[in-house]
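Working notes, structure below.
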Amino acid sequence: GSNFVLGNYARLIYSQGTAPLRISTNGTHAVTIDSSQRVGIGNTAPEDHLSITANNYRGLTLQTATSTDRPTVYFRNTGAAAASFVQGLGQNLIFGRAPASDYGSHTETARIDASGRLLVGTSSARSNYSGITPNFQFEHGTGNNQRSFAITHNDTATAGPIIFIG
C-alpha cells in the first residue's frame, strides 16, 4: 500500500510494520522515527526519545519569538506537582522550579551570571567585597529561613580569601 495518504483535512505519512520512517533532504538522511517513536535528527539509530547528532559545535538551539521572552526547558515527572527548569536570560543561565499547574510562576533558585559567577539565593552579585569580585555568592534568608553551608579550599598552592559579611 501507499505510505502517503491524502484526506479531506489531514495528511499522513507512515511506515508499515517495524521499519523506521526516514526523511531525507538533498539526498542526505535528515530524520528517523523508529518503531518505538524515538526521533533521531542527524542519525539513523536514535537511542533516546530525542537524539540529535551534529558536527562543528552545532546542536540544539532554543530561540524565542521576541527579545523579552526567555527560552526555557522544563523537567517534570508525570503526575508531579512541580517542575524544575533551566532558562536562558541573555548571557545568564537560571535554575529554578515552577508549579506544574502554572509554568509562568517561576521561582529562581540559582543562576550563573554573564561573568561565570554562581549565585545561589540571589539574582545579582554584590558589586564589592572589600575590593574582591567573588566567583561564588550564597545569600541566606532571615529568621527561620537561614541556611548553613560549608566552603572548602583544596588548592594549597593558591591562597584565596573567604569573606563573610554578616
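Residue numbers count from 1 along this sequence.
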(request) Using the ring-ring contact (aromatic ring centres under 6.0 Å, His included) rule, collect all pairs that involve residues 82-102, keeping only residues at least two apart or in two chains. (result) Phe85-His106
(message) Measuring only between side-chain heavy atoms, which start at C-beta, is Ile94 closer than 4.5 Å to Thr72?
(response) no
(request) Kindly compute the distance separating CD1 (Ile112) from CG (Leu93), expressed to the nearest 0.5 Å. (result) 5.5 Å
(request) Working to the nearest 0.5 Å, report the span between CG of Leu62 and CZ of Arg70. (result) 15.0 Å
Which pairs of donor and acceptor atoms, one on a side chain in residues 22-30, lie under 3.5 Å apart (sequence neighbours left out)?
{"unit_1": "His29", "atom_1": "NE2", "unit_2": "Thr32", "atom_2": "OG1", "d": "2.7"}
{"unit_1": "His29", "atom_1": "NE2", "unit_2": "Asn43", "atom_2": "O", "d": "3.1"}

(request) Apply side chain to side chain donor-acceptor pair (under 3.5 Å) to Ser67 and list each qualifying residue two or more places apart in sequence or on a separate chain. (result) none
(message) With salt bridge (charged side-chain N to carboxylate O under 4.0 Å, His left out) as the rule and sequence neighbours excluded, what pairs involving residues 27-50 come up?
(response) Asp34-Arg38
(message) To the closest 0.5 Å, what do you measure between CZ (Arg111) and CG (Leu118)?
(response) 11.5 Å
(message) Suppose we screen for side chain to side chain donor-acceptor pair (under 3.5 Å). Which residues come up paired with Thr66, at least two apart in sequence or across chains?
(response) Thr68, Asp69
(request) Examine distances only and state if a side-chain atom of Gln37 and a backbone atom of Ser35 form a donor-acceptor pair shorter than 3.5 Å. (result) yes
(request) Apply salt bridge (Lys or Arg N to Asp or Glu O under 4.0 Å) to Arg76 and list each qualifying residue two or more places apart in sequence or on a separate chain. (result) none
